[in-house]
Amino acid sequence: MEAGVGLAVLGVMFALLAGRALIGRRLLAGVIAAAAVLATGLGGFDPVVLGAALVAVGLSLWPGGEDETVWGGWLGAVVLVLILGGLVQALAPEAALLFVWTGLAAAGAAALAAGIGARLERWAALAPAAVATGVVGGWLAGLGHFVFLGVGMDQPGALGLIAVLIVALARPLAPGGGSARHTLAGLAAAMLILGCGLSLAARHAEPAAEAPVAVP
């Protein structure tokens, strides 16, 4: 099941990096709403899932404009992570470290990138984001395993937050060309389908029957 959830999280990351403009606001909002309905039908009513789905649908339908630029998408992701960090600090202070440190690392990388080349057209300007993604993103990916062991079996969607945190670091590294983004969106769809299929198969798989033990 962890492999399925990992593939689904990777698919979410690729979808976020591909950008909302490529998929379409209404289509993306419809997919999120359908996923929430499916999750409710399979797992029962969960206020966290429904609340997150409402927020995601609202953000998906938000009028486009600022997110069409690299800086708009990057800074928007950083601000979102920091806002989530403030909310988590009030509800679960022990988990706020993930959001705060990731937000600070992404903000620091953005400041360095702006000093090197504000247009983000040179590889040198993208180096801070690449280093932050490799170091902090690797740390988050390692923590994702322990998050799954802690709550993943009951709430695998918690790993989606790990994807959001990594995207806040890697957002400027997303390809700008149309063909590359279409490839990224296709990979995202394939990984989401495969990950959901593996998770459903693992959830409904029956354990093997134990062999009878002869009692002397």
Side-chain angles (χ1 to χ4, degrees), residues 1-20 28 31-32 35-36 39 43 46 48-53 55-56 59-60 73-110 129-174 184-185 187-200 202-203:
M1 186 174 182
E2 184 175 1
V5 174
L7 285 173
V9 170
L10 193 59
V12 170
M13 290 174 52
F14 283 172
L16 292 174
L17 290 176
R20 182 185 63 174
L28 182 59
V31 170
I32 294 173
D46 189 340
V48 176
V49 172
L50 293 180
V55 172
L59 292 176
S60 300
W74 194 8
L75 296 180
V78 173
V79 171
L80 176 61
V81 167
L82 292 176
I83 292 176
L84 290 175
L87 295 176
V88 174
Q89 178 66 36
L91 300 176
E94 62 277 2
L97 176 68
L98 300 178
F99 296 86
V100 174
W101 277 111
T102 302
L104 291 177
V131 173
T133 302
V135 176
V136 183
W139 171 63
L140 291 170
L143 289 178
H145 170 69
F146 299 101
V147 172
F148 180 84
L149 293 180
V151 299
M153 294 297 292
D154 297 324
Q155 296 179 343
L159 289 179
L161 294 175
I162 300 294
V164 173
L165 295 178
I166 296 177
V167 167
L169 299 165
R171 180 63 181 84
L173 303 178
L184 203 60
L187 288 174
M191 289 184 178
L192 283 169
I193 294 173
L194 181 59
C196 292
L198 287 176
S199 298
L200 288 175
R203 185 181 183 90

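None of these values were measured; they are calculated from a predicted model. Values below: every heavy atom of this structure, side chains too, minus hydrogens, waters and symmetry copies.
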Worksheet item: For the side-chain contact (heavy atoms from CB on, under 4.5 Å) test, which of Leu97, Thr102, Leu104 pairs with Val100?
Response: Leu104
Worksheet item: How many angstroms lie between atom CG of Leu75 and atom CG of Leu80, to the nearest 0.5 angstrom?
Response: 12.5 Å
Worksheet item: Residues two or more places apart in sequence or in another chain: which of them pass side-chain contact (heavy atoms from CB on, under 4.5 Å) with Leu98?
Response: Trp139, Leu140, Leu143, Leu165
Worksheet item: Once you round to the nearest 0.5 Å, how far does CD1 of Ile166 lie from CG of Leu161?
Response: 11.5 Å
Worksheet item: Taking all non-hydrogen atoms of both residues, which atom of Val88 and which atom of Ala96 are closest, and how far apart?
Response: CG1-N, 3.6 Å
Discussion item. Phe99 and side-chain contact (heavy atoms from CB on, under 4.5 Å): which single residue from Leu84, Ile83, Leu82, Val164 fits?
Written reply: Leu84
Worksheet item: Between Ala132 and Ala109, what is the shortest heavy-atom contact and its length?
Response: CB-CB, 4.1 Å
Discussion item. Distance check, rounded to the nearest 0.5 Å: Trp74 atom CH2 versus Leu169 atom CG?
Written reply: 9.0 Å
Worksheet item: How close do Ala168 and Val81 get, heavy atom to heavy atom, and via which atoms?
Response: CB-CG2, 3.7 Å
